[in-house]
Amino acid sequence: MSLPVLLFASYADAFGTRRVDVPVRLPCAVREVIAMLRGLPGGSVLPPDPLVAVNHEFVRGEVTIVAGDEVALIPPVAGG
Amino acid sequence: MSLPVLLFASYADAFGTRRVDVPVRLPCAVREVIAMLRGLPGGSVLPPDPLVAVNHEFVRGEVTIVAGDEVALIPPVAGG
Amino acid sequence: MADAAISAGIAPTVGGVVRHVAIVDRPIDVARLSSLVEDDGVGAISLFLGTVRNFHDGRDVAGIDYEAYQPMAERELRSIVREIGDATPGLRLAVEHRVGTLVVGDVSVAIAAGHARRAPALAATQLVIEALKQRVPIWKREHYLDGERRWVDPTA
Amino acid sequence: MADAAISAGIAPTVGGVVRHVAIVDRPIDVARLSSLVEDDGVGAISLFLGTVRNFHDGRDVAGIDYEAYQPMAERELRSIVREIGDATPGLRLAVEHRVGTLVVGDVSVAIAAGHARRAPALAATQLVIEALKQRVPIWKREHYLDGERRWVDPTA
């Protein structure tokens with residue numbers, strides 16, 4: 001079982017991909033997914049508590065992810 | 001000897017003209033010109049201390065007007 | 001004189017700073033005004049447009065006559081733009097006010113400010129419109145739907 | 001997805017209030033955006049344009065790649081516009097942000113606000129740009145004249 005996580009900008013560059021499949025058993029907490037990502041090649045780019053969006057909404061680390069959720073890591077935004 | 005005074009907007013409407021010749025001996029103070037204008041037909045539209053411009057600059061009542069100056073009465077402005 | 005308002009010439013740069021002001025008797029070309037404050041070093045452009053709206057003080061408005069004491073109005077506008085420009089290095093400012101008979105929706109005044117950063121650009125448009133309303137000799141006579149016309153006195 | 005940014009549809013009026021947002025991958029039509037907030041009851045239109053400038057942090061910039069998490073960016077923009085619009089009756093707001101590769105002088109973001117009075121229109125553009133920079137998932141990678149490219153991190 002794995003969870004696809006969307007990556008953008010500097011995070012996508014660091015992981016070398018715009019989508020990484022994280023091997024986790026769902027449901028699980030956002031912070032568990034982050035911990036696994038930080039252990040992958042390129043994962044050192046991530047701060048301990050990066051911004052995460054689930055289904056296009058910012059969420060906190062204790063939020064639970066279920067199958068079918070769209071999960072994305074959000075680098076520091078720089079629009080405008 | 002007379003001094004031409006430019007009028008605009010509500011003041012021009014009240015005096016029925018855009019330029020009134022005020023019979024004064026120059027040099028004289030702005031406030032003397034205002035006093036004479038207030039006594040003319042339509043002059044009741046003027047407040048005791050209306051805005052006055054001499055040579056395109058706002059001036060106070062004690063300023064002296066000399067021959068050749070461009071004098072204008074400035075109704076409350078409403079640009080924008 | 002007021003009724004013969006003519007566009008003032010463009011003073012494109014003063015020490016590298018754009019400062020354009022004009023009283024015009026035709027529709028304001030907003031895109032052109034905005035382009036005057038563009039520059040490779042500009043990261044933010046703030047534009048303010050005053051438009052004729054269809055009501056004021058509870059009355060239905062059909063249009064507005066704008067009148068200016070043209071040479072003094074341009075002098076005051078230049079003075080406002082100089083004061084604000086001098087206080088903000090790198091600021092580019094362009095201002096035009098229209099005179100004549102305008103109908104609902106017409107642009108009566110347009111202010112464009114360009115700067116490397118957004119805060120000075122945003123502040124500049126606001127400072128210009130506030131100062132313009134305080135001290136530039138321009139007047140407006142509203143035409144109401146009931147046929148009456150009245151000079152607006154903001155001090156009344 | 002981010003690279004396939006497409007213009008969102010226009011939601012012209014919500015309870016009579018214009019609220020348009022879009023992430024676009026072509027030049028922003030500023031005149032059209034401004035026209036969206038025009039109305040017979042509007043007396044003031046405030047426009048803010050973010051443009052690509054030729055330097056940043058002391059380095060010469062040639063251009064910028066903008067990337068967005070498109071559906072979330074539009075959702076956040078809609079949320080910002082809704083919050084500000086709900087707090088200001090009669091406010092009309094339109095916002096577009098461009099993605100893709102832009103060169104110096106290109107407009108990256110345009111915000112238009114229309115209101116009967118100038119203070120709410122001026123405040124709205126400022127509130128939108130500040131909120132956009134805080135919470136809308138858009139990123140930019142600057143291209144420097146020396147050939148280097150770097151993602152900008154405003155929190156660094």
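To find a chain, count down the sequence lines: A is the first, B the second, and so on, and within it residues start at 1. Please read these numbers as outputs of a predicted model, since none were measured by experiment.
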K.L.:
Would you say the side chain of B:Phe58 lies within less than 4.5 Å of the side chain of B:Val52, judging by non-hydrogen atoms?
P.N.:
no
K.L.:
Does the side chain of C:Pro27 come within less than 4.5 Å of C:Val107's, by heavy atoms?
P.N.:
no
K.L.:
Per the salt bridge (Lys or Arg N to Asp or Glu O under 4.0 Å) rule, what does the pair list look like for residues 47-62 of chain B, sequence neighbours excluded?
P.N.:
B:Arg31-B:Glu62, B:Glu57-C:Arg75, B:Arg60-B:Glu62
K.L.:
Locate the shortest heavy-atom distance separating C:Ala68 from C:Ile23; write the atom from each residue and the value.
P.N.:
CB-CG2, 4.1 Å
K.L.:
So which part of B:Asn55 gets closer than 4.5 Å to some heavy atom of chain C, the side chain, the backbone, both or neither?
P.N.:
backbone
K.L.:
Heavy-atom cut-off 4.5 Å, strictly under: side chain, backbone, both or neither for C:Glu76 against chain B?
P.N.:
side chain
K.L.:
Strictly less than 4.5 Å between heavy atoms, which residues of residues 42-54 of chain C line up against chain B? Please order them by number.
P.N.:
none
K.L.:
For a 4.5 angstrom cut-off between non-hydrogen side-chain atoms, does C:Glu74 reach C:Arg78?
P.N.:
yes
K.L.:
Of the non-hydrogen atoms in C:Arg150 and C:Asp57, which two are nearest, and what is the gap between them?
P.N.:
NH2-OD2, 4.4 Å
K.L.:
Is the shortest heavy-atom distance from the side chain of B:Leu26 to the side chain of B:Ile65 under 4.5 Å?
P.N.:
yes
